[in-house]
Every structure is written in structure tokens, then in C-alpha cells.
There are 2 protein chains.
Amino acid sequence: MPKEARPGTGEQAKQHALVHLRQAILHGDMAPAQRLVENELAEQFGVTRASVRAALIELESEGLVERIRNRGSRVRVVTVEEAVAITECRMVLEGLCAAKAAVEASEDQLDQLTDLGTAMAKAVAGGEPLVYSRLNHELHDRIREFSGQQVAVGLLERLNGQLVRHRFQLALRPGRPQQSLSEHLAMIESIRARDPQAAEAAVRTHLAGVIDALRQ
Amino acid sequence: MPKEARPGTGEQAKQHALVHLRQAILHGDMAPAQRLVENELAEQFGVTRASVRAALIELESEGLVERIRNRGSRVRVVTVEEAVAITECRMVLEGLCAAKAAVEASEDQLDQLTDLGTAMAKAVAGGEPLVYSRLNHELHDRIREFSGQQVAVGLLERLNGQLVRHRFQLALRPGRPQQSLSEHLAMIESIRARDPQAAEAAVRTHLAGVIDALRQ
DNA sequence: GAGAACAAAATTGTTGACAATCTTGTTGGA
DNA sequence: TCCAACAAGATTGTCAACAATTTTGTTCTC
């Protein structure tokens, strides 16, 4: 257990604990369902228990941590059914963002999407699933960003945080990149065409595909 | 300032503070942008400051409270643009729920919706906007409930909490009930017809109308 | 050997006090 | 009069100790 010491650089203790603990969970350093004992975390991050507590409360409402009265906290495990339900919500919310982006995005931003599309095609052709996965994320991020829909972006970030584990599993599945590439290109195309309805439909088709893949 | 005393009935102090503070905000007892000083709240609810703190952190991530480092908390004010953005998200999420409900609801549940519809028509005919507003809420609640989509329900509850003030304002606008009644009846009708696409479209039409009303 | 009652350990919940930070009001000088 | 520096007050952030609760291990009885 490495003791990450960097307590008093002016950075608030609670923020320190919050950022590091969130990253640890998202990065997969904490096993699923692992117990999170406040004392241990406090020592590990070099802050007091109160700060860890505050961080855990916040992570609970982000859906990353599960807390039970007098029983402690643990990394929340997302079942496949939950992952499906989450992705259904993503489907409609990202659909909204894509529709907005098709109207709001600047010409410059549309070019960025095109570039991402060609890079993704290249990654698939070259057989680089990890690169493709990274570009995949970036594409979804950009569309959200270009939509200007702050509320939806906030909700989606929270939802995506809960899916890290499942997404990793999905990215490395053989044949999956090939299947999703055309869907992604269709999304880009309809946004470029400034057609909000087509953009929303394309995003939905894509994420419906993701749901099918999750269920297998 | 009434001192609500009921500290140690076995109920956890933090939960006590959380429930009461949330209700106070939702019920409108706290003025918008009102400062929330931890010490005052602690005394008012008969709990310690730490419990109030924990409650405030949770309410912040629910979007009901705004917290600034070393500067304190206040009731968050939702601008009209934010209310519109929130309602756009409601539009797609409730659309999802309605589509699910059209497939999943039992015959008994469909009858409940029909009853609500007739009650709403009666309230409008009788010129009772407050009754109509209550039934309005109940209809939306039921549709969400019948959808079985836990994740979407959770997101929607959070979003709705932020709209209390705007919704009150909207409900009492003259002519508004008449306009929305037919939209609500269309929603019920398409769910009864077990047509998910029509149900989603009806919900979207309705909430698009709400957005128009908000913008005025 | 199985199960209940009890005791010990581990962990979370709570408390009050202290430190750090920000805001506000005041004073001094140009 | 205006502005900067400073001091006082208010408020949040942090800490260590204590209380309450749950879990675990042990012993005793049947």
C-alpha cells in the first residue's frame, strides 16, 4: 500500500481525498465491492477521517460508492441490468446532445468531428482496439461539448462514471469495433449535415447496439 | 424561527438534518439565494454542525444547494435558461419512461392512468388549477413508476427537485391547464394503446409545450 | 456437534474545539 | 475624497477524542 503523501500544498484536504479516491475507483485500482474503511483511506491519503467521510458522501451521490448505515462503504458493483438501464438513459440524453450539436456546432467543430471519424476508421483498419476505444470516448465527449447542454452533460458524466468496468470489457470484444465504426460515422455525418433528427436517430441506433452487446 | 426539536428518536442526526433541510427548500421555506449558515441550521434542527455539513454536501450534488469554498452555502437559484435545459432533459428521459411504460405496465396500471385522465379533465372543467397541478404531478409520477426504469426515475427526481419554484409559477398561469390537458390525454391514450413510439412522441410534445411556456 | 448467549474487536456516527479563510469595517495617508 | 493597508468579526475547514453500532469470536448448554 503506497502512502500517497501530499497533504498541505494549500490544496484542501477533502478535495485531495475526493479526487484521488474517485480516480482510484475509476482507474480500477479498487476491486469491485472492495470495502472502503475510512481509517485506512485517511492514512493512505494523508488526511483525516472527516475529509474521507465528506469525500465518500459525495462519491455515494455520484453512484460510485455504496454506503450502509453503521456498516461502511464499498465500491458499487453495477450489474448488467443496471448497465443496460444506464445505457438506455445515455441513449436519450446523448441523442439530445447530438441534436443540439447539429444545430449549435461551429464549422470548426464539425471539422474536428470529421477528423475523429477518419482517425477511428484508421484505428479499426489497423487493428488497434485500444486506440479506437480512446477515440470513441473522445467523439462522444466532443459531441456533448458542442451541444452546449450543460445539464445533460452533467448527467452523462455521472452515468459514464458508473460504467467504467463494463466499458473496458466491451472495448476489447473481437469484432465490436468494426460493427460500431459505421454507426459512429453515421452520427458524424448527420451532425455535419446539420440534421438534428437524423443525428438523434443515429446516436440512438448506435447505443441500442451497445445495449445489445452488453446483454450478451 | 421555530426550533424543530426531535433529535434522538433513534433516527440518525444527519438523516434528520438532510430530510428537514431538503423539505424546507422544496417547500419554499427558504428564500431563493438565502444564505445557509451551518451553525444556524445546526441549532435550528437540533443536530451538530458536522451533520448539517454532511447534509449540505449531499444537497449540493442534488443541485438544490450551492457551496463555495470557505464562503458558505446558499439555496441555488435556477435561471430560466437552466430551467429550459433541465426540461429538455426531462423531455427525453420521461419520453424513455413513457415508452417503457407502454410496454411494461399492467392492465390495472393502465386503468389508473385512465382514471387520472378523467380526473384531470374534471379539474380543468371545474376551474381548479391547484387540483389539476397535483394530478399533473401524479400522472408524471405514475408513468415513471410504471416504466420500471430505476435509473431514469432517479435522474428525473433530482431534476424535478430543482424546478419547484418555476413549476409553481407555471401552474397558476391562466389558460395553461386547458392547453396542457389535451397533451396529457394524448400521452395516456398512446400508453394505453401500448404504442411506445407514440407515447414517447406525446410526452415530448407535451414537454416542448412546457418549454415554450417557460420561455415567455 | 449445533445453537444460543455473551464478550471483544472493529468500524462508523457524533461531538466540541481549534485553525484557516474570507468579509467587513476602520484607519491612515496622499 | 479616494484608496490601500490593516484589524476585527464571522464562517467554513480540519482535527482528535468519545459514543453507538455492528460484526466476529468464544464459551456454555443441550
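Chain naming here is simple, since letters A, B, ... match the order of the sequence lines and numbering starts at 1 in each.
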> Considering heavy-atom distances to DNA chain D, does R49(B) or R49(A) have its closest nucleotide positioned more toward the 5' end?
Replying inline: R49(B)

> Between T48(A) and R71(B), who's closer to the 5' end of DNA chain D by nearest nucleotide?
Replying inline: R71(B)

From [atom1] of [X] over to [atom2] of [N], roughly how many Å is that when rounded to an integer?
X: R67(A); N: dT21(D); atom1: CZ; atom2: C1'; result: 14 Å
X: E43(B); N: dG16(C); atom1: CD; atom2: P; result: 12 Å
X: R35(B); N: dA10(D); atom1: CZ; atom2: P; result: 12 Å
X: E38(A); N: dC15(D); atom1: CD; atom2: C1'; result: 14 Å
X: Q15(B); N: dG13(C); atom1: CD; atom2: P; result: 10 Å
X: K14(A); N: dC15(D); atom1: NZ; atom2: P; result: 14 Å
X: I68(B); N: dC22(C); atom1: CD1; atom2: P; result: 12 Å

> Which one, dT14(C), dT21(C), dT11(D), comes nearest to the side chain of A13(B)?
Replying inline: dT14(C)

I'd like a table of atom pairs between the protein and nucleotides 5-8 of chain D - only N or O on both sides, under 3.5 Å - with the distance next to each one.
none

For [X], check salt bridge (Lys or Arg N to Asp or Glu O under 4.0 Å) against everything at least two apart and list the hits.
X: R192(A); result: D111(A)
X: R167(A); result: none
X: D115(B); result: none

> What pairs meet the ring-ring contact (aromatic ring centres under 6.0 Å, His included) rule with one or both residues in residues 138-163 of chain B, with sequence neighbours excluded?
Replying inline: H140(B)-H184(B), H140(B)-H206(B)

>> Quick check on dT12(C): is either OP1 or OP2 less than 4.0 Å from any side-chain nitrogen or oxygen of R53(A)?
In response: no

Only pairs under 3.5 Å count here: list side-chain donor-acceptor contacts from residues 99-106 of chain B, not counting sequence neighbours, and write none if there are none.
unit_1: K100(B); atom_1: NZ; unit_2: E88(A); atom_2: OE1; d: 3.3
unit_1: K100(B); atom_1: NZ; unit_2: E88(A); atom_2: OE2; d: 2.7
unit_1: S106(B); atom_1: OG; unit_2: Q109(B); atom_2: N; d: 3.2

> Going through the distances and angles, do R35(B) and E40(B) end up as a salt bridge (charged side-chain N to carboxylate O under 4.0 Å, His left out)?
Replying inline: CA-CA 10 Å; R35(B) 288 201 60 191; E40(B) 293 177 7; over 6 Å; no

>> Is the shortest side-chain heavy-atom distance between R165(B) and P32(B) below 4.5 Å?
In response: yes

>> Over all strands shown, is L56(B) touching base, sugar-phosphate only, or nothing at heavy-atom distances under 4.0 angstrom?
In response: nothing

